[in-house]
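Reading through the structure tokens given below for one structure.
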Amino acid sequence: GMNYQQTAAAIRDHVKSAVGVPMTVTFARTRTLAKLFADASKPFGALAVTDPDHERELLARLPVTEIAGIARRRAARPAPTPGGPPCPPL
């Protein structure tokens, strides 16, 4: 059988030939990681991240602002002042 990397490439290639739409296919430990790595692999990538060292290597290359969810909003906020309130006063 095929490994995850080969499967990702086969799915990507099949969809391109059958439907004519380019796509990126990514396998990773979690859905969030798969989406994160897919964004870094676009526009026509195929990536399988099954090794923890490979995962760490890829994560080390990406800024925290690339993490889906709150990362962009959190990065836009100034860091809390030491000893100060953790949120704006009401």
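What you see below is based on every heavy atom in this structure, not just the backbone, and it leaves out hydrogens, waters and symmetry mates.
Listed by chain and number, the residues in a side chain to side chain contact (heavy atoms under 4.5 Å, CB included) with Arg31 are Lys35 (sequence neighbours excluded). Take Asp13 and apply the salt bridge (Lys or Arg N to Asp or Glu O under 4.0 Å) test, not counting sequence neighbours, and it matches no residue.
The distance from atom OG1 of Thr30 to atom CZ of Phe37, rounded to the nearest 0.5 Å, is 8.0 Å. Arg56 CZ to Arg61 CZ: the interatomic distance, rounded to the nearest 0.5 Å, is 14.0 Å.
By the 4.5 Å heavy-atom criterion applied to side chains, Leu47 and Phe27 are not counted as neighbours. Residues Arg29 and Val49 form no side-chain contact, since every pair of their non-hydrogen atoms from C-beta on lies 4.5 Å or further apart. Side chains of Thr26 and Leu33 form no contact here, defined as non-hydrogen atoms less than 4.5 Å apart.
Checked by atom type and distance alone, the side chain of Arg12 never pairs as donor or acceptor with a backbone atom of Pro22 at under 3.5 Å. In this structure, the side chain of Gln5 engages the main chain of Ala46 through a donor-acceptor pair within 3.5 Å.
No chain of hydrophobic side-chain contacts below 4.5 Å, direct or via other Ile, Leu, Val, Met, Phe, Trp or Tyr residues, connects Leu36 to Tyr4.
Annotation for Gln6 and Gly1: closest pair OE1-O, 4.3 Å, computed over non-hydrogen atoms.
Atom NE2 of His14 is surrounded by 12 or fewer heavy atoms from other residues, nucleotides or ligands within 6.0 Å.
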Between Thr24 and Asp39, does the side-chain contact (heavy atoms from CB on, under 4.5 Å) criterion hold? Intermediate values first, please.
CA-CA 8 Å; Thr24 297; Asp39 286 345; over 6 Å; no
Show your reasoning for whether side-chain contact (heavy atoms from CB on, under 4.5 Å) applies to Val15 and Val25.
CA-CA 10 Å; Val15 170; Val25 178; over 6 Å; no
